[in-house]
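Written out below as structure tokens is the structure these notes cover.
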Amino acid sequence: MQRARITGTGMFVPDRVVTNDDLSGLMDTSDEWIQQRTGIRERRWVEPGQTPTDLASAAAEQALADAGLEAGDIDCILLATLSPEHHFPGTSFFVQARLGCSETPCIDLHAQCTGFLYALSLADSLVTSGKYRRVLVIGAEVHSTGLDLSTRGRDVSVIFGDGAGAVVVEANQDTDDPGGILAVRLGAEGEHAMRLCVDAPASGRSPRIDQAALDEGLHYPHMEGRFVFKHAVRRMPQVLEQTLSAGGVKLQEVDLFLFHQANLRINEFVANQLEIPVEKTFNNIMRYGNCSAGSIPMLLAESSRNGRLARGDLVSLTGFGSGFSWGGAVIRW
Ligand code: ACO
């Protein structure tokens, strides 16, 4: 069967750097607490008026250039985000207009921190089934405009950052080259959906948001951090091993392990559990925080630029997030 392969990567983060010390000026927190618990030193926030479409389009343009393509060459746009530009239409439609590829179909996916892996899985199916030849997959988040910057929200607000990553997925036409997506595995446990969520605005409420909801802070993310942590460190090794087994790859053969960037301690825990050497991992959470659907494609873009990922390498991707949702992919780069 013809494989789908990633032929281009791109990323974009806003210029504005927000350090842990900047946050301790807004809420009762400290650089020491944030670094010890999460590994994060700084993150990026958008400037007023900068939107998910701005970030996503810049990342997409870079991925297209990297693949040697133009926007008009793309057959479908998949965009994963938990911080959409508007409730509707989906953010992918705004990105399509910005890229100038009118009439290209647009699909938004809502699977939070696992959103990119869900979108990659769909892109893989669309390409290997022959429905589309070239799919643009984007993960983009603007978290900073939706955070409770008072001490009430400190457990969540210190971990999130703004950023976007993108890849181009194409049919591998080269019969001599076995490169491509070898396996993707996804999972979910919806019974825990409310453990990490934003309550309002919501169509289950009428009106969808009101002053009482705003006063209660229901429009801010709510997270049962320890509960999420416990599930992340159980599900991530599980799905990583399932994915490698589905792809016929041994753990020792993998050249690079990229984990979703929610918390460096989660990733260290998972790597320890599976005895993955630290030199086979790459994290950027220290500089960008948790960019949810943007994190994994940002890691791919950075590691392919900085020489950590070369053609022919085996790379394993693993994520966990709200939903709860989780996923893994193994790729011959
Ligand atoms: N600064 C200082 N103190 C803080 C902060 C802060 N930013 N946040 C919480 N605290 C305090 C708490 O109030 C609490 O104080 P107390 O003991 O006096 O009550 C103490 O620190 C411990 O709080 P916990 O919430 O239990 O802290 P924990 O060690 O669990 O760390 C964290 C919190 C970092 C959020 C962790 O739980 C975590 O990473 N969870 C998983 C996150 C994740 O994987 N999310 C999924 C992806 S996100 C997505 O899908 C949208």
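Ligands are counted one by one from 1 in listed order, and the atoms in each one are counted from 1 as well. No experiment lies behind these values; they were computed from the predicted model shown.
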Legend entry - Donor on one side chain, acceptor on other, T91 and E85, under 3.5 Å: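 Not at all, the side chains of T91 and E85 share no donor-acceptor pair under 3.5 Å.
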
Legend entry - Distance-only donor-acceptor check, side chains E141 and T81, under 3.5 Å: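 E141 vs T81: donor-acceptor pair found between side chains.
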
What protein heavy atom sits nearest [atom], and how far away is it?
atom: atom 29 (O) of ligand 1; value: R37 NH1, 2.5 Å
atom: atom 43 (C) of ligand 1; value: V228 CG1, 3.5 Å
atom: atom 12 (C) of ligand 1; value: R154 NH2, 3.9 Å
atom: atom 44 (O) of ligand 1; value: I266 CD1, 3.3 Å
atom: atom 49 (C) of ligand 1; value: C113 SG, 2.7 Å

Inset, instruction - May I ask you to check if ligand 1 and S322 share an N or O to N or O distance below 3.5 Å? - result: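 Yes - when backbone and side-chain N and O of S322 are compared with those of ligand 1, one distance drops under 3.5 Å.
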
Legend entry - Q112 N/O to ligand 1 N/O under 3.5 Å: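 No.
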
Could you name the option among [options] that has the heavy atom nearest to [atom]?
atom: atom 7 (N) of ligand 1; options: T29, N20, D28, T114; value: T29
atom: atom 35 (C) of ligand 1; options: R226, M223, E141, R152; value: M223
atom: atom 36 (C) of ligand 1; options: V156, N263, L23; value: N263
atom: atom 41 (C) of ligand 1; options: S292, G225, S295, G319; value: G225
atom: atom 23 (O) of ligand 1; options: W33, F320, F324; value: W33

Do the side chain of [X] and the main chain of [Y] share a donor and acceptor less than 3.5 angstrom apart?
X: D255; Y: L314; value: yes
X: R44; Y: P14; value: yes
X: R154; Y: D28; value: yes
X: R265; Y: Q36; value: yes
X: D313; Y: R332; value: no
X: S304; Y: L300; value: yes
X: T281; Y: F257; value: no

Inset, instruction - Can you label the angle between the F320 ring and the W326 ring as parallel, tilted or perpendicular, going by 30° and 60°? - result: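 If you compare the ring of F320 with that of W326, the planes turn out parallel.
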
Would a search of protein heavy atoms around [atom] find one under 4.0 Å away?
atom: atom 32 (C) of ligand 1; value: no
atom: atom 17 (O) of ligand 1; value: no
atom: atom 25 (O) of ligand 1; value: no
atom: atom 39 (O) of ligand 1; value: yes

Got a salt bridge between [X] and [Y], using NZ or NE/NH1/NH2 to carboxylate O under 4.0 Å?
X: E302; Y: R305; answer: no
X: E189; Y: R235; answer: yes
X: R43; Y: D162; answer: no

If you count the atoms of ligand 1 from 1 in the order shown, which ones are under 4.0 Å from a heavy atom of [X]?
X: G321; answer: 50 (O)
X: F160; answer: 51 (C)
X: L82; answer: 51 (C)
X: N290; answer: 47 (C), 48 (S)
X: A262; answer: 43 (C), 44 (O), 47 (C)
X: D155; answer: 8 (N), 9 (C), 35 (C)
X: V158; answer: 7 (N)

Legend entry - ligand 1 contact by I34, heavy-atom criterion under 4.0 angstrom: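 No heavy atom of I34 comes that close to ligand 1.
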
Inset, instruction - Answer yes or no for R265: is there a heavy-atom contact with ligand 1 below 4.0 Å? - result: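 No heavy atom of R265 comes that close to ligand 1.
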
Inset, instruction - Inspect the surroundings of CD in E279 and state if more than 12 heavy atoms from other residues, nucleotides or ligands are less than 6.0 Å away. - result: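 Yes.
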
Inset, instruction - Run through D108, I138, V169, V135 and flag the one making a side-chain contact (heavy atoms from CB on, under 4.5 Å) with L78. - result: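 For L78, the side-chain contact (heavy atoms from CB on, under 4.5 Å) test succeeds with only one of D108, I138, V169, V135, which is V135.
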
Legend entry - F259 and its side-chain contact (heavy atoms from CB on, under 4.5 Å) partner, picked from I276, L317, I285: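 Exactly one option meets the side-chain contact (heavy atoms from CB on, under 4.5 Å) with F259, and it is I276.
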
Legend entry - Side chain, backbone, both or neither: the part of M27 lying under 4.0 Å from ligand 1 by heavy atom: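 It is neither; nothing of M27 touches ligand 1.
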
Inset, instruction - Specify side chain, backbone, both or neither for T38, according to which of its non-hydrogen atoms lie closer than 4.0 Å to ligand 1. - result: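 Just the side chain.
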
